[in-house]
Number of protein chains: 2
Amino acid sequence: MAAKKKTSWSIGELAREFDVTTRTIRFYEDEGLLEPARRGQTRIYSAADRTALKLILRGKRLGFSLAESRQLIQMYNPDANRAQIEALLAKIHERRAQLTQQLRDIEVMQLELDEAEQRCLESLK
Amino acid sequence: MAAKKKTSWSIGELAREFDVTTRTIRFYEDEGLLEPARRGQTRIYSAADRTALKLILRGKRLGFSLAESRQLIQMYNPDANRAQIEALLAKIHERRAQLTQQLRDIEVMQLELDEAEQRCLESLK
DNA sequence: GGGAAAGCTTACGTTAACGTAAAGTTATTG
DNA sequence: CAATAACTTTACGTTAACGTAAGCTTTCCC
């Protein structure tokens with residue numbers, strides 16, 4: 001038997017998996033970042049929703065705002081006209097520039113942490 | 001003549017150099033992140049203040065809170081007893097772990113941007 | 001089948017990180 | 001030497017990103 005891949009999730013399952021509250025997940029929906037299906041009242045999340053959530057949280061770890069993550073999610077949907085796509089391309093370049101800057105910042109900060117650690121170890125002797 | 005190194009700055013000079021408002025700089029002081037000297041009422045910033053500000057802003061670009069940056073600044077001052085220094089060491093390790101995670105996140109996100117760009121370019125043909 | 005667990009909506013509360021405005025005091029400069 | 005630019009304090013306002021609580025419905029489990 002091939003292992004059946006899970007294709008839908010409840011809000012609680014996602015909350016546990018990604019260690020956020022259900023409130024947070026519903027908030028992201030209010031903000032238009034997630035669009036779960038419904039069975040009656042109950043939300044049902046697809047693999048796409050799950051991916052979007054992953055993307056949002058990764059963005060958060062990098063200090064992105066939800067507005068920025070919203071743009072990232074849009075980059076996953078190629079449902080746009082020429083003008084919109086060119087706008088997307090511009091945003092992609094912006095993000096890349098930001099990531100490059102962050103890489104530089106991380107390098108510098110790692111060095112500084114190294115030095116700070118040295119000073120700490122020194123002063124413990 | 002040897003070039004004279006600047007050793008003090010006004011709030012306006014720092015604001016221009018780092019592209020923040022004076023309000024922001026004063027706010028950081030309220031929060032205990034900067035401790036400028038005074039000539040009369042007027043604030044005078046030292047090289048150390050300038051370094052701290054740089055550190056805060058670098059932290060911001062990486063999504064650090066001011067509380068976290070405060071800790072980073074403390075790592076620059078070795079004026080602590082044994083217990084405090086060991087606490088510092090622990091925080092240094094935490095930060096390093098976070099930076100490592102951020103590096104991973106950046107790598108993934110760069111790949112995703114590459115793919116998104118490909119899709120955009122495709123749909124423009 | 002009855003109670004706990006999970007889900008739902010609505011709505012007000014909270015915190016961080018400044019913005020903005022008012023009103024006054026020094027510094028600079030044509 | 002006057003005006004304008006730069007600085008000051010005090011204080012209320014704002015936005016993002018949820019937290020928290022109340023009250024109700026649905027689902028699961030023994």
Side-chain angles (χ1 to χ4, degrees), chain A residues 6 8-46 49-50 52-74 91 95 98 102 105, chain B residues 6 8-46 49-50 52-74 91 95 98 102 105:
Chain A
K6 208 163 172 19
S8 75
W9 293 263
S10 75
I11 194 169
E13 288 171 339
L14 290 187
R16 254 164 286 147
E17 178 175 358
F18 294 108
D19 195 31
V20 296
T21 68
T22 58
R23 173 69 175 95
T24 294
I25 296 180
R26 291 196 194 97
F27 177 71
Y28 293 159
E29 180 180 356
D30 282 351
E31 297 294 302
L33 300 174
L34 299 175
E35 294 184 335
R38 299 271 182 149
R39 199 178 54 195
Q41 293 244 89
T42 305
R43 279 165 251 255
I44 299 182
Y45 296 86
S46 68
D49 292 317
R50 206 164 150 279
L53 182 53
K54 232 189 279 189
L55 214 142
I56 296 168
L57 299 177
R58 186 185 305 125
K60 274 199 63 175
R61 290 195 298 272
L62 292 174
F64 286 33
S65 69
L66 293 187
E68 290 170 318
S69 289
R70 197 199 323 275
Q71 296 185 350
L72 290 179
I73 293 174
Q74 282 176 22
K91 287 174 189 171
R95 290 295 123 230
Q98 184 184 345
Q102 288 189 307
D105 287 331
Chain B
K6 211 163 171 21
S8 75
W9 293 262
S10 76
I11 194 168
E13 288 171 339
L14 289 187
R16 254 164 285 148
E17 177 175 359
F18 294 108
D19 194 32
V20 296
T21 68
T22 58
R23 173 69 175 96
T24 294
I25 296 180
R26 292 195 194 98
F27 177 72
Y28 293 160
E29 180 179 355
D30 282 351
E31 296 295 302
L33 300 174
L34 299 175
E35 294 183 336
R38 299 271 181 150
R39 198 177 55 194
Q41 293 245 87
T42 306
R43 280 165 252 255
I44 300 182
Y45 295 86
S46 69
D49 292 317
R50 206 164 151 280
L53 182 53
K54 232 190 277 188
L55 213 143
I56 295 168
L57 298 177
R58 187 187 305 126
K60 275 199 64 178
R61 290 194 298 272
L62 293 175
F64 287 32
S65 70
L66 293 187
E68 290 170 317
S69 289
R70 198 200 322 275
Q71 296 185 350
L72 290 179
I73 293 174
Q74 280 177 23
K91 287 174 189 171
R95 290 295 122 229
Q98 184 185 345
Q102 288 189 307
D105 287 331

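Residue numbers begin at 1 in each chain, while the letters A, B, ... track the order of the sequences. Values in this document were obtained by computation on a predicted structure and should not be read as measured data.
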message: For a quick check of understanding: with a heavy-atom distance under 4.0 Å over all strands, which category does A:S10 fall into, base, sugar-phosphate or nothing?
response: sugar-phosphate
message: Is the phosphate of D:dG19 approached by A:T24 (side-chain N or O, under 4.0 Å from OP1 or OP2)?
response: yes
task: Name the closest nucleotide to the B:T42 side chain, picking from C:dC18, D:dA17, D:dT8.
output: D:dT8
task: Taking B:E68 for its side chain and B:S65 for its backbone only, find out whether a donor-acceptor pair lies under 3.5 Å.
output: yes
message: With a 3.5 Å cut-off and heavy atoms only, can you find an N or O donor on one side and an acceptor on the other between the side chain of B:R26 and the base of D:dT8?
response: no
query: Does A:Y28 make a side-chain N or O approach to OP1 or OP2 of D:dA17 shorter than 4.0 Å?
result: no
- request: Would you mind telling me which of B:L14, B:I25, B:D49, B:I44 makes a side chain to side chain contact (heavy atoms under 4.5 Å, CB included) with B:P36?
  value: B:D49
task: Rounded off to whole Å, could you give me the CG-to-P distance for the A:L34 and D:dA17 pair?
output: 14 Å
- line: Nearest heavy-atom approach of A:E29 to A:R43 is OE1-NH1, 2.6 Å
task: In whole angstrom, give the distance that lies between atom CD1 of A:I44 and atom C1' of D:dT27.
output: 13 Å
field: Side-chain (B:Q102) to main-chain (B:L62) donor-acceptor, under 3.5 angstrom
entry: yes
- request: Output yes when at least one side-chain N/O atom of A:T21 is less than 4.0 Å from OP1 or OP2 of D:dG19, else no.
  value: yes
- prompt: Atom CD of A:Q41 to atom P of D:dG23: distance rounded to whole Å?
  reply: 19 Å
message: It should be established whether A:R38 places a side-chain nitrogen or oxygen under 4.0 Å from OP1 or OP2 of nucleotide C:dT9.
response: yes
statement: Whole-Å distance, B:F27 CZ to D:dT15 P, equals 17 Å
message: Whole angstroms only, please: what is the OH-C1' distance between A:Y45 and C:dA6?
response: 13 Å
query: Would you say a side-chain N or O of B:K60 is under 4.0 Å from OP1 or OP2 of C:dC18?
result: yes
query: Between C:dG7 and A:R43, is there an OP1 or OP2 to side-chain N/O distance shorter than 4.0 Å?
result: no
statement: Between CZ of B:R23 and C1' of D:dT10 the distance, given in whole Å, is 10 Å
- prompt: B:E29 CD to D:dC7 C1': how many Å, rounded?
  reply: 13 Å
query: Hey, does B:R39 reach any base, or is it just sugar-phosphate, or nothing, if we go heavy atoms under 4.0 Å?
result: nothing
query: In whole angstrom, what separates B:D30's CG from C:dG19's P?
result: 13 Å
- request: Report the C-alpha distance between A:R50 and A:F18 in whole Å, list the side-chain angles of each, state the deciding distance to 0.1 Å, and finish with yes or no for side-chain contact (heavy atoms from CB on, under 4.5 Å).
  value: CA-CA 10 Å; A:R50 206 164 150 279; A:F18 294 108; 4.0 Å; yes
